[in-house]
Amino acid sequence: MDWFAYRDDGQLYCEDVNLDALAAEVGTPVYIYSRKTFEHHYDSIAGAFAELDPLICYSIKSCGNIHIIRLLAERGAGMDVVSGGELHRAKLAGVDTSKIVYAGVGKTDAEIRAGIEAGIGYFNIESEAEFENISHIAAEMGTPCHGALRVNPDVADPKTHAKTTTGKKETKFGVDIERARQFFEAYGHNEHCRLTAIHLHIGSPIYSPDPYVLAINKALDLIEELRGKGYTIDALDIGGGYAADYETGKSPAYTDYADAIVPLLRGKGLKVILEPGRTIAANAGVLLTRVQYVKTGGSKKFVIVDSGMHHLVRPAMYDAFHFIWPTHLEPNYLPEHRAMEMTHEGLETTDVVGPICETGDVLAKARMMPPVNRGDLLCVFTAGAYGMVMASNYNAMPRPAEVLVDGATATIIRRRETYADLTDAETKIETVRV
Ligand code: LLP
């Protein structure tokens, strides 16, 4: 569900803003976000789980512009951060720091100190060594903090890409259930880092509620056992991973997840935390890119655009599907849905590729698309999550601007990078005494 739609004039709009007109103003490539879509998805997931009065910690890693963080925080969201940089973003955006959970396997001492200083809600703890370090730093600072032990429940959605599954035993995340028991024996009464919660995150995206049910049931058994042994467990963080509609109607509804999960957690005396990123951000953003050249090679048609793997790496990295379609169309090409297979008469098999000097620089492969010409504007849909945040300067390409649309108003919330931005950090050099 989103507010990117074609109107009868064959033109694509974000809310009430015509995207061709917007691109003419702000240039390409550019990420465009719809405020209404962000709000809709946040409200929908919060609404579906409302009975549990959960804390929804938006996963900043999915789309971390401070203006996006702020608009969600203003609606009541907490934040899931994984670095000092994300914590910095959350603080700049005015997030209530007690609603921040901090995950990640490699937190540095400086990052841990910053988290304790900020008074975050929980550190999601990934290993014994990390726990000892956090507890040591908290003792040194004289400021106790709270920890949620990340438990790896050994479940995974078979449809999740190997690179983004995290709930299986052999990933680097968390500890298995048996080790969790020993973990509490060793650290469950530590006064510097109070281990009072369990954290799960089984992968992303998870296209069915079933793996959550399996994982939560395992966590609940563990919690009951721990409570029986006298440990206080007051929160369960069930992580993120809820799917988004890369193709129309493919992801479960929020109520599908909630109908399966809420009954498990009702009346358990646990503060429930969710960490959704993709499901809120993905459909709320698109990448607009302009066709530079059309090249026919053998039986193939290459559409070469001014964006690529350096701005949206998901197709190159995970073979991810993003629907791509021109922003203005003959009426016969209006897409009634977004899907891998499109069947309008007159479509051509097309590869959409970028300017980067790598064969892997692909946005779409062998896609049925309307004929496009040099100068046309293409929309890469469902690019709000893991788009701009994973963009790089490879081949010394400046990163795109970001624009937030609210009704008929468009605001540049991150200016386009310049060549000076590319080299500024290299202009002041200094010799290091060793
Ligand atoms: N919580 C933790 C501990 C996570 O590691 C993640 C994502 C999330 C929450 C949010 O998951 P979400 O709700 O967004 O699915 N770059 C990949 C996705 C990597 C996900 C990393 N962890 C992609 O483009 O598909």
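Nothing fancy with the numbering, it's 1 onward along the sequence. Just so it is clear, the model here is predicted, and its values are computed rather than measured. Every number for a ligand or one of its atoms is a count from 1 in the order of the listing.
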Hey, what's the ring geometry for F381 with Y6, parallel, tilted or perpendicular (30° and 60° as the breaks)?
-> tilted

Does the separation of the ring centres of H189 and Y231 fall below 6.0 angstrom?
-> yes

Numbered atoms of ligand 1 (with element) below 4.0 Å of P276, judged on heavy atoms | 13 (O)

Answer yes when E74 and R70 have at least one side-chain N-carboxylate O distance shorter than 4.0 Å, and no when they do not.
-> no

Could you check whether the rings of Y257 and Y242 sit parallel, tilted or perpendicular, using 30° and 60° as the cut-offs?
-> perpendicular

Note: heavy atom closest to atom 18 (C) of ligand 1, options K61, R278, M390, E126, belongs to R278

Below 3.5 angstrom, do we get any N/O pair linking H199 and ligand 1?
-> no

Would you mind running through ligand 1 and noting each atom that sits below 4.0 Å from a heavy atom of G241?
-> 11 (O), 12 (P), 13 (O), 15 (O)

Could an N or O of ligand 1 be found under 3.5 Å from any N or O of G239, whether backbone or side chain?
-> no

Under-4.0 Å heavy-atom contact with ligand 1, by part of D80 that carries it = side chain

Counting from 1, what ligand 1 atoms have a heavy atom of E275 closer than 4.0 Å?
-> 1 (N), 2 (C), 3 (C), 8 (C), 9 (C), 10 (C), 13 (O)

Going by the order shown, which atoms of ligand 1 are within less than 4.0 Å of some heavy atom of S59?
-> 8 (C), 9 (C), 10 (C)

Among K61, K99, R89, find the residue that satisfies the salt bridge (Lys or Arg N to Asp or Glu O under 4.0 Å) test when tested with D80.
-> K61

Under a 4.0 Å N-O cut-off, is there an ion pair linking E15 with R35?
-> no

Return yes or no for this condition: an N or O of Y386 is under 3.5 Å from an N or O of ligand 1.
-> yes

Going by an N to O cut-off under 4.0 Å, is there a salt bridge joining R179 and E128?
-> yes

Would you say S62 has any N or O atom under 3.5 Å from an N or O of ligand 1, going by distance alone?
-> no

Give a yes-or-no answer on whether the side chains of H136 and E132 include a donor-acceptor pair shorter than 3.5 Å.
-> no

Sub-4.0 Å atoms of ligand 1 with respect to non-hydrogen atoms of G277 = 12 (P), 13 (O), 14 (O)

